[in-house]
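Taking it in order: structure first as structure tokens, then the write-up.
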Amino acid sequence: MHIFRTHNCNELRLKDKSKPVKLSGWVHRKRDHGNLLFIDLRDHYGITQVVIDKSNKNFSLAEKTTSESVITIAGKVTPRSEESLNKNLPTGEIEVAVEEYIIESGAKPLPLEVNSDKDYGEDTRLKFRFLDLRRAKMQKNILLRNKVISLIRDGMIKQSFTEIQTPILTASSPEGARDYLVPSRVHPGKFYALPQAPQQFKQLLMIAGFDKYFQIAPCFRDEDSRADRSPGEFYQLDYEMSFVTQEDVFSALEPVLFDIFTKLTKNFSISKPPFKKIPFDECVKKYGNDKPDLRNPLILSDVTDIFKGSSFKLFAENINKGSIVIAIPAPNSKDQPRTFFDKLNNWAKDEGQGGMGYIQFIKNEGKGPIANNLDKERINKFLKIEGVDGNSSIFFLCGKSDEIREFAALARTKIANELKLIKENEFKFCWVVDYPMYQLNPETNKIEFSHNPFSMPQGGLKALENEEPLKIKAYQYDIVCNGVELSSGAIRNHKPEIMLKAFELAGYARKELEKEFGGLLKAFDYGAPPHGGCAPGIDRIVMLIAGEPNIREIIPFPFNQKAEDLMMNAPAEIDEERLKELSLKVLDLKMKD
RNA sequence: GGGGGUGUAGCUCAGUUGGUUUAGAGCGCCUGCCUGUCACGCAGGAAGUCGCGAGUUCGAGUCUCGUCACUCCCGCCA
């Protein structure tokens, strides 16, 4: 017999009765009846009840065993009597009557209970992550993560993508987030950087002729954390394809996502490929931002023209000063009481807005303070807005274009939630396409790349030379699910002359470009295929399927909010010797105060 | 760097307008009893610098100020 186990803890059934077996696992829970003791023995696979009584020489040893100790028992599979069946356990028809009992590794009193789903503070959970990971929810989430990754591999390999690793120690990139830097021993004063994404490498792989590449790619960015953003590192499904249009990039990913979401959820309705495509400009107009939650049926409308020059002075005057007015419909709200509108108005004020006015239509008749100050002709125009009928209400937000659209996106979600319009069991995907190539930095008043500088501008060199830069679109796109931005991607710019011009418009001199992106730029001079790709965030996909609002719930060993690993004690101070080796000197930080 | 929320037993939390003795509950832990439980039960016990510091007050877990920690958000995230 094997020294540790003949079966795992989720294997034994009635058909195994009378078999001599050996099991190993953790003491999940003990029920001590004095002369009779039940132990729920747990391993990765499940739980089996083992029973031992006073007649056994090991009884007192078993009684003394603490929760989460690791034990090995040998004994006989015994059917349970009718009254003592446990229908909640797959192994609930049997138990194992203990003969041999060995404590492999005792456990001290626990800082957190493995056998409960009680909430613990995150510092406790992260400090004792190995215990936290034993708990049912974390086991489930990590297994889900594994399934997502394995379905990604299956789906990509099936489409003849080649999985290729790219360097972890590479060069710092000038654009984007802060890099994590690694000092070089061999080259004093010089640094490697961890990649923020394998962007340049995947383009070089296309130029190298690998045609279709993918990788479960670790990405490192030194950013501050959010609930949906782990500081330090995260993973992307990074992929890139040669000789493709935007449509080809989409149709490579769509079946993979559809497959993952379909196989790993129950009773959810999932967008079927091809996913909806929404141009960026239209998206911002209709939803307020570029990551729409399409489960929400409400659509924003610009009603500035209707209020312009009207007798509703508050809006009319602000419009003259350059403000716009956005309408958000609230369908079937003729019976909503005054408090419904007051509540939302107060919410808007709490969020720092002037307020959120409204018109309530009851049988085509407009009511409320705004309606009282507007002529009938204008009021009737509201009935023609998308998503509005004679029993709707309309909320209005007035302000400067960019800021008020951003808030309208929040209000759209808030109103839909209040009216319970968002279905919980849906995953709705869309592509946001035609991103602008450039945007104006309001602080410096300079033109900068709005997204990825390597994207191909629509219209190519001609557009860059002849058109107003802020009007140029790029073959640049995002994929969004339920209001969560999963990734962005682009058809790349593979022509050096277009790239030089594109960077020139963003204020980069040729020399600068050659210094920062020399490797890639040089490669374009030796036969570069047209190519494009995308890189959806794996952590966010797992979050969506797991229904977890916090990214740290689906990462085995995440940093805390301050980018520390409390279990491994990272980051940590380094010996003087090793600093010297790296030609580094730590400044006295107290000097700063 | 900025804003909001939280901080009471090992853990999760309650604690009224500032006033009732020794600041409570559940889980965990320790002791005893218990041979059919499955969140076993019963009886008892240990366990607290109410984050820290100052202030107001006859009196502070409770109010004020400062500070620290945790958490969510803004900035940041080509």
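The shown structure was predicted, so the numbers you read here are calculated from the model rather than taken from an experiment.
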**Study point:** side-chain contact (heavy atoms from CB on, under 4.5 Å) evaluation trace for A/K87 with A/E93
**Key:** CA-CA 8 Å; A/K87 286 179 183 130; A/E93 287 182 317; over 6 Å; no
Practice item. Provide the distance between the two P atoms, one in B/rU71 and one in B/rU17, to the nearest whole Å. Key: 31 Å
Practice item. Flag the pair A/R31 and A/D40 as a salt bridge only when some basic side-chain nitrogen lies within less than 4.0 angstrom of an acidic carboxylate oxygen. Key: yes
**Study point:** Rounded distance in Å - CD (A/E548) to C1' (B/rC72)
**Key:** 16 Å
Study note, to complete from the structure: Protein heavy-atom contacts under 4.0 Å, written 5' to 3' over nucleotides 29-42 of chain B as B (base), S (sugar-phosphate only) or - (none), form the string -----BBBBBSB--
Practice item. With heavy atoms under 4.0 Å as the rule, sort A/Q199 into base, sugar-phosphate or nothing. Key: base
Study note, to complete from the structure: Assert: residue with more 5' nearest nucleotide on RNA chain B, out of A/D119 and A/F449, is A/D119
Point to revise | Centroid separation A/F128 to A/Y120 less than 6.0 Å | key: no
Check your understanding: So what does A/R552 hit on the nucleic acid, given a heavy-atom distance under 4.0 Å: a base, only sugar-phosphate, or nothing?
Key -> sugar-phosphate
Review point. In terms of the nearest nucleotide of RNA chain B, which residue is placed more toward the 5' end: A/D123 or A/K118?
Key: A/K118
Study note, to complete from the structure: Test side-chain contact (heavy atoms from CB on, under 4.5 Å), reference A/L23, set A/V98, A/D43, A/T72, A/L12, output is A/L12
Exercise for review: Please list, by residue number, the residues of residues 472-481 of chain A whose heavy atoms come closer than 4.0 Å to an atom of RNA chain B; answer none if no residue qualifies.
Suggested key: none
Practice item. Verify whether one side chain among A/E100 and A/N58 offers a donor that lies under 3.5 Å from an acceptor in the other. Key: no
Check your understanding: Taking everything shown except A/Y235 itself, do over 12 heavy atoms lie less than 6.0 Å from its OH?
Key -> no
**Study point:** Aromatic ring pairing A/F280/A/Y435, orientation class (parallel under 30°, perpendicular over 60°, tilted between)
**Key:** tilted
Point to revise | C1' atoms of B/rG10 and B/rG5, separation to the nearest Å | key: 25 Å
Practice item. Answer yes or no: side-chain N or O of A/R229 and base N or O of B/rC77 forming a donor-acceptor pair under 3.5 Å. Key: yes
Review point. When you check the gap from the basic side-chain N to the acidic O, do A/K414 and A/E418 get nearer than 4.0 Å?
Key: yes
